[in-house]
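The structure displayed is predicted, hence computed values, not measured ones. So you know, we letter chains A, B, ... as the sequences are listed, proteins then strands, and number each from 1.
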There are 2 protein chains.
Amino acid sequence: MGRVKLQIKRIENNTNRQVTFSKRRNGLIKKAYELSILCDIDIALIMFSPSGRLSHFSGRKRIEDVLARYVNLPENDRGG
Amino acid sequence: MGRVKLQIKRIENNTNRQVTFSKRRNGLIKKAYELSILCDIDIALIMFSPSGRLSHFSGRKRIEDVLARYVNLPENDRGG
DNA sequence: GCCTCTATTTATAAGCT
DNA sequence: TAGCTTATAAATAGAGG
């Protein structure tokens with residue numbers, strides 16, 4: 001989406017990479033939020049920005065609880 | 001996106017909820033993938049489907065490594 | 001469940017402030 | 001450098017197989 005088609009490869013310009021991160025992070029969190037509501041599911045999203053700062057989202061449960069649900073799965077079920 | 005505007009609230013029809021989950025899960029993972037490449041970041045996405053099955057994605061690192069990076073943050077930095 | 005189609009909504013790349 | 005605009009790319013709701 002946007003004025004031009006974007007190739008999916010690393011954005012080399014630092015400023016541009018940070019700007020794109022901010023915009024797409026917001027979009028991704030919005031989508032994760034919508035999915036959690038529409039489908040009534042547990043979800044956890046963890047991201048580290050290009051400068052190393054944490055961003056995260058989780059729905060109805062605390063993120064630690066979702067991670068625990070993942071970690072506590074039998075190892076065979078963690079394939080995805 | 002779609003033929004009609006969708007209200008963001010729980011989809012009550014079971015079949016429909018599962019179908020929407022499948023479609024949007026794919027979209028969300030694609031977006032997470034693109035973000036990880038474009039901005040060269042660590043990302044982890046964990047979802048449990050309406051029927052309780054796990055879906056997950058992580059970029060260049062194993063998901064366990066991203067979770068560890070999160071868990072090992074000083075507690076004050078986990079605000080997001 | 002999983003794919004295809006397509007009208008329509010939504011996200012967003014650049015540009016601008 | 002974060003927010004606003006807008007033309008355009010992309011996702012997807014619903015229907016059908």
How many Å lie between [atom1] on [X] and [atom2] on [N], as a whole number?
X       : N      : atom1 : atom2 : value
B:Arg25 : C:dG1  : CZ    : P     : 9 Å
B:Ile11 : D:dG14 : CD1   : P     : 8 Å
A:Ile8  : C:dA11 : CD1   : C1'   : 13 Å
B:Gln18 : C:dC2  : CD    : P     : 8 Å
B:Leu35 : D:dA10 : CG    : C1'   : 16 Å
A:Asn13 : D:dT1  : CG    : C1'   : 13 Å
A:Phe21 : D:dT1  : CZ    : P     : 15 Å
B:Asn26 : D:dA13 : CG    : C1'   : 15 Å

Taking all heavy atoms of [X] and all of [Y], pick out the closest pair and write down the distance.
X       : Y       : value
A:Ile63 : A:Phe57 : CD1-O, 4.0 Å
B:Ser55 : B:Arg25 : OG-CD, 3.2 Å
B:Ile41 : A:Phe21 : CD1-CE1, 3.5 Å

Practice task
Look at the side chain of A:Arg3 against the base of C:dT12 and say whether a donor-acceptor pair falls under 3.5 Å; ignore hydrogens and angles.
Solution key: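 Answer is no: no donor-acceptor pair is held.
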
Exercise for the section: Would you confirm whether A:Ser36, through its side chain, and A:Tyr33, through its main-chain N or O, come within 3.5 Å as a donor-acceptor pair? Expected result: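 Yes.
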
Practice task
Please figure out whether B:Thr15 or B:Leu38 has its closest DNA chain C nucleotide nearer the 5' end.
Solution key: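 The answer here is B:Thr15.
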
Exercise for the section: Please figure out whether A:Met1 or A:Asn16 has its closest DNA chain C nucleotide nearer the 5' end. Expected result: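 Looking at the nearest nucleotide for each, A:Met1 comes out on the 5' side.
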
Between [options], which one does the side chain of [X] approach most closely?
X       : options                : result
B:Arg24 : C:dC2, C:dT12, D:dA13  : D:dA13
A:Leu6  : C:dA13, D:dG14, C:dT10 : C:dA13
B:Lys30 : C:dA13, D:dA11, D:dG14 : D:dA11
A:Thr20 : D:dT1, C:dA13, D:dA13  : C:dA13

Exercise for the section: Pick base, sugar-phosphate or nothing for A:Lys23, based on heavy-atom distances below 4.0 Å to the nucleic acid. Expected result: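 Base, at least one base heavy atom under 4.0 Å.
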
Exercise for the section: Could you list all the salt bridge (Lys or Arg N to Asp or Glu O under 4.0 Å) pairs where at least one residue sits in residues 40-61 of chain B, not counting sequence neighbours? Expected result: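 For residues 40-61 of chain B, and leaving out neighbouring residues, the salt bridge (Lys or Arg N to Asp or Glu O under 4.0 Å) pairs sorted by first residue read A:Arg10-B:Asp40, B:Asp40-B:Arg60, B:Asp42-B:Arg60, B:Asp42-B:Lys61, B:Asp42-B:Arg69.
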
Exercise for the section: Specify the residue among B:Val4 and B:Glu34 whose closest nucleotide of DNA chain D lies further upstream toward the 5′ end. Expected result: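 Taking each residue's closest nucleotide, the earlier one in sequence belongs to B:Glu34.
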
Problem - N or O in side chain of B:Lys31 less than 4.0 angstrom from D:dA10 OP1/OP2 - result: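 Looking at the OP1 and OP2 atoms of D:dA10, neither is under 4.0 Å from any side-chain N or O of B:Lys31.
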
Handout entry: Phosphate-side-chain proximity, A:Lys5 and C:dA13, N/O vs OP1/OP2 below 4.0 Å
Key =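 For C:dA13, neither OP1 nor OP2 has a side-chain N or O of A:Lys5 closer than 4.0 Å.
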
